[in-house]
Amino acid sequence: MDEIQVPSYFLCPISLEIMKDPVILSTGITYDRMSIEKWIFSRKNNTCPVTKQLLTDAELTPNHTLRRLIQAWCTLNASYGIQRIPTPRPPVSISQISKLIQDSKTPKLQVRCLKRLKSIASESETNKRFMEAAGAANFLALIIKNGKRSADDEVPEEFELTKPEDEALSILYHLHLSETSLKSLIGENSEFIESMIRFMKSENYESRTYSILLLKSIFSIVDQVEIMSFRGELFQEIVQVLKDEISPKASKAAFQILINLCPVGRNRIKASEAGAVQVIVDFLLSHPSDRRICEMALTVLDLLCQCAEGRSELLKHGAGLAVVSKRILRVSRFASDRGVRIIHSIAKFSGSSSSVLQDMLQLGVVSKLCLVLQVDCGSKAKEKATEILKMHSRAWKNSPCLPMTVPSSYPA
């Protein structure tokens, strides 16, 4: 490659690599199929990368002429070690996928259909979109819900150790469904959510991960009425995923789900009763340097401490107050803000003679609040810290770290 000059029009404008499957966008610009599909579908862009024009049509037209030129150039330069780019396989059509799904209604063909759908989905983003348009999501959801296989089914070699419902779940996740399709999965009942709860109880860690990741996508779009209707068992399994730490992606998805669900009061109680506070404090203790995890964990704790059950669980944990205090000014401005908010929730409902206030003094929480007033950590955190110190200035008046202006404003 160093001895020869690659024609610039052979290179994809996005990746700057030789195009293997050149396609023309509606704006007239040619890209490599994999690169432009990633740009449009995975990154959710709706503009042409080169012209910046809004895309009203995401159809990709194969540039056969350019592909043949590239293949011919590769052949001519074979002596330089350049391999000829094979002719790409065209995307499947919606009608082909529809026929495949229709054929799968025969029980003996179901596993074979899953094998073919898995292969189709792995080939391109276009295939995934066609699968979605053909109704593959609902078909896969039905297999997941039923979770059964006929004894007469022929099982492909790669499925010998995998149940069809596990494979269907994997395919469904990798389709990266649109908001419309995600909403169609939950519909007017909670059967799909119940199926995800069942998968979260599975011994198959891969399926547990896919189920929590799918739930993360779903709970990011459901409305407040639907969010209020979930049973406590869902929260128990989400907390169990955090406790088991099956994968970093699964843990972050579990935190995000709790962030989406816990603005609702009754969900805070369900999460607290499921042991979320205890598990999150332990999580913070074992992941002190992961910024994103700390921010998400503190966000959930902030939500849970807005209910009595959550505050009680935090105080029951021997390291609860201490771990929150230690994250203030050590992780990020956002984490500091959430940490101060958590302490504010605890302080607000603690009586003036409460042992909690003395614990806060002994654990260095009061000192940390005083430090917040002295550094640049955001106006909201400073306001909350000042409010906490004024709120209990009588109990902490003898603390050497407490600014004299605070107790003098609220004399004993």
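Here the structure is a predicted model, which means the values were calculated and not measured.
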Ion pair E125/K128, N-O distance below 4.0 Å: yes
If you define the side chain from C-beta out and look only at heavy atoms, does anything of R33 sit under 4.5 Å from P88? no
Please test M34 against E17 for side chain to side chain contact (heavy atoms under 4.5 Å, CB included), starting from the C-alpha separation and ending with a verdict. CA-CA 11 Å; M34 184 178 294; E17 296 178 351; over 6 Å; no
Within this structure, what is the CD-CZ distance for the pair Q96 and R116, rounded to the nearest 0.5 Å? 7.5 Å
Check step by step if side chain to side chain contact (heavy atoms under 4.5 Å, CB included) holds for V6 and W73. CA-CA 9 Å; V6 180; W73 180 84; 3.7 Å; yes
So, do F130 and I120 sit near enough that their side-chain heavy atoms are less than 4.5 Å apart? no
Which heavy atom of I101 sits nearest a heavy atom of A134, and at what distance? CD1-O, 3.9 Å
Those residues at least two apart in sequence (or on a different chain) that pass side chain to side chain donor-acceptor pair (under 3.5 Å) with R330 are none
Parallel under 30°, tilted from 30 to 60°, perpendicular over 60°: which one fits the rings of Y173 and H176? perpendicular
Quick check: closest heavy atoms across S345 and R311, and the distance to 0.1 Å? O-CD, 3.4 Å
For residues M196 and L185, determine if any side-chain heavy atom of one lies less than 4.5 Å from a side-chain heavy atom of the other. no
Output yes when a side-chain donor or acceptor of S119 lies under 3.5 Å from a complementary backbone atom of K115, and no otherwise. no
Tell me, with the steps shown, if N63 and M19 meet side chain to side chain contact (heavy atoms under 4.5 Å, CB included). CA-CA 11 Å; N63 191 332; M19 289 184 277; over 6 Å; no
Looking at every non-hydrogen atom in both residues, tell me the closest pair between S325 and K368 and how far apart they are. O-NZ, 2.8 Å
Identified side-chain contact (heavy atoms from CB on, under 4.5 Å) partner of I36 from the options N45, L25, T30: L25
I'd like to know whether D21 forms a salt bridge (Lys or Arg N to Asp or Glu O under 4.0 Å) with R89, so could you lay out the CA-CA distance, the side-chain angles of the two residues, the decisive distance to 0.1 Å, and finally the verdict. CA-CA 9 Å; D21 186 6; R89 182 184 300 177; over 6 Å; no
Between D166 and S207 (side chain of the first, backbone of the second, donor and acceptor by atom type, cut-off under 3.5 Å), is there such a pair? no
Least distance between heavy atoms, L60 atom then T126 atom: CD1-OG1, 4.0 Å
Does the side chain to side chain contact (heavy atoms under 4.5 Å, CB included) test come out yes or no for L258 and L242, once each step is laid out? CA-CA 11 Å; L258 291 174; L242 281 175; 4.1 Å; yes
Any sub-3.5 Å donor-acceptor pair from R208's side-chain atoms to M200's backbone N or O? yes
Does the pair R341 and H344 meet the rule for a side-chain hydrogen bond (donor to acceptor under 3.5 Å, both in side chains), with working shown? CA-CA 5 Å; R341 284 167 59 97; H344 183 273; over 6 Å; no
Indicate yes or no: does R129 engage E132 in a salt bridge with an N to O separation below 4.0 Å. yes
Keeping the roles fixed (side chain from E237, backbone from E233), state whether a donor-acceptor pair exists under 3.5 Å. no
Specify the closest pair of heavy atoms between V277 and G310, including all atoms of both residues, with the distance to one decimal. CG2-O, 3.9 Å
For L329 and C377, work out which heavy atoms get closest and say how close. CD2-CB, 3.7 Å
Looking at R198 and E194, is there a salt bridge between them, counting it only when a charged N and a carboxylate O are closer than 4.0 Å? no
How many angstroms lie between atom CD1 of I212 and atom CD1 of I197, to the nearest 0.5 angstrom? 10.0 Å
I'd like to know if the side chain of H392 and the backbone of L357 have a donor-acceptor N/O pair within less than 3.5 Å. no
Would you say the side chain of E165 lies within less than 4.5 Å of the side chain of F199, judging by non-hydrogen atoms? yes
Any carboxylate oxygen within less than 4.0 angstrom of a Lys/Arg side-chain nitrogen, looking at K99 and D103? yes
Can you tell me how far the CD1 atom of I70 sits from the CD1 atom of I18, to the nearest 0.5 Å? 7.5 Å
Salt-bridge present (K316, E313; N to O < 4.0 Å): yes
Can you tell me if S93 and S95 form a side-chain donor-acceptor pair at under 3.5 Å? yes
Do the non-hydrogen side-chain atoms of L114 and L140 ever get within less than 4.5 Å of each other? yes
Side chain of K382, backbone of V375: donor and acceptor closer than 3.5 Å? yes
CG/L298 to CG/L284 distance, rounded to the nearest 0.5 angstrom? 5.5 Å
Separation between CZ of F349 and CD of Q306, rounded to the nearest 0.5 Å: 9.5 Å
With heavy-atom distances below 4.5 Å as the criterion, would you say the side chains of N204 and K163 are in contact? no
Atom CD in E37, atom CG in N127: separation rounded to 0.5 Å? 7.5 Å
Donor-acceptor pair, distance only, cut-off 3.5 Å: does the side chain of S350 make one with the backbone of I346? yes
E295 side chain reached by R338 side chain, heavy atoms, under 4.5 Å: no
When you measure from the side chain of S312 to the backbone of E309, do you find a donor-acceptor pair of N or O atoms at a distance under 3.5 Å? no
Charged N to carboxylate O below 4.0 Å: is that the case for K384 and D337? no
Measure the shortest side-chain to side-chain distance between D282 and H317 over non-hydrogen atoms and say whether it is less than 4.5 angstrom. yes
